[in-house]
Amino acid sequence: MAHSLETRFPMMDRKLAEYVSCIPPGLRVKNFKRRNIQKLASRGLIPNAIIDRRKSGLEIPYSQWVLNRLKPLCEKYFSKKRVEQTEVLQWEAVERLWKVHLSGVKDHGRAIWCVLIFLIWHDMFIISRNYKSYLHIHT
C-alpha cells in the first residue's frame with residue numbers, strides 16, 4: 001500500500017477494537033482463515049458461493065489514465081527539471097519508463113502512477129510549500 005491509492009473505508013474504531021479484543025482468538029481466526037466472524041454472521045444471508053470465494057482485488061486503470069486523460073499532466077511533471085529537483089529520482093530512468101509505456105512495448109502504468117504522485121507531492125509540499133494554493137489552482 002506504500003505506493004497505491006487507498007480506496008477502502010476503515011472498518012475500525014476504538015469501541016470496535018475493544019469489543020473484538022474480548023472475542024476468543026479461536027473465533028477471530030480459525031485455521032488461519034481471515035474474516036471468520038464475518039463469514040459466520042453472513043451464512044444464510046449471502047449465498048455460500050460469495051462467502052467462500054477467494055479474495056479478489058480491484059485494480060485501478062492507471063495505464064489507461066496516464067495514456068489518455070492524465071497524459072498532459074504526466075508530460076508536465078516528467079520534465080527533466082521537475083524530476084531532477086527531487087534529488088531522489090533519476091531523469092534517465094523516468095524518461096525511459098515513460099517512453100516504453102508510451103510505445104506500448106510494456107505496461108508500466110502502476111510505476112508511472114507512483115512516480116507521478118510523488119512528483120505532484122514533491123511540488124506541493126517541497127517546492128511550493130503551499131498545497132492549498134496548489135489545489136485551488138489545479139481544481
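Only a predicted model underlies this, so the values are computations on that prediction, with no experimental measurement involved. Hydrogens, waters and symmetry mates are skipped; everything else that's a heavy atom, side chains included, is used.
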Would you say the side-chain atoms of S128 pair up with the backbone N or O of D123, donor to acceptor, closer than 3.5 Å?
yes
Set of side-chain hydrogen bond (donor to acceptor under 3.5 Å, both in side chains) partners for T86, sequence neighbours left out:
none
Under 3.5 Å, which donor-acceptor pairs do the side chains of residues 88-99 form with other protein atoms, sequence neighbours left out?
residue, atom, partner, partner atom, Å
E95, OE2, K99, NZ, 3.3

P47: side chain to side chain contact (heavy atoms under 4.5 Å, CB included) partners, not counting sequence neighbours
I50
Do you reckon L45 sits in the same ILVMFWY cluster as I51, going by side-chain contacts under 4.5 Å, direct or chained?
yes
Who are the side chain to side chain contact (heavy atoms under 4.5 Å, CB included) partners of Q85, not counting sequence neighbours?
K81, R82, H122, I127
Grab the two heavy atoms, one from G109 and one from S63, that are nearest each other, plus how far apart they are.
CA-OG, 3.5 Å
The criterion is salt bridge (Lys or Arg N to Asp or Glu O under 4.0 Å); which residues satisfy it with E87, sequence neighbours excluded?
none
How does the hydrophobic cluster around V105 look, that is, which other residues are in it when side-chain heavy atoms under 4.5 Å mark a link?
V100
List the residues meeting side-chain hydrogen bond (donor to acceptor under 3.5 Å, both in side chains) with D52, not counting sequence neighbours, and say none if there are none.
R43
Among L73, L119, V66, side-chain contact (heavy atoms from CB on, under 4.5 Å) partner for F78
L119
Tell me the salt bridge (charged side-chain N to carboxylate O under 4.0 Å, His left out) pairs involving residues 63-74, sequence neighbours left out?
none
Applying side chain to side chain contact (heavy atoms under 4.5 Å, CB included), can you list everything that pairs with I117, at least two apart in sequence or on another chain?
W113
Could you name each residue pair satisfying salt bridge (charged side-chain N to carboxylate O under 4.0 Å, His left out) that touches residues 59-68, not counting sequence neighbours?
E59-R110
Tell me whether H101 contacts the main-chain N or O of H108 through its side chain, where contact means a donor paired with an acceptor under 3.5 Å.
yes
Do Y77 and V115 come close enough that some side-chain heavy atom pair is under 4.5 Å?
no
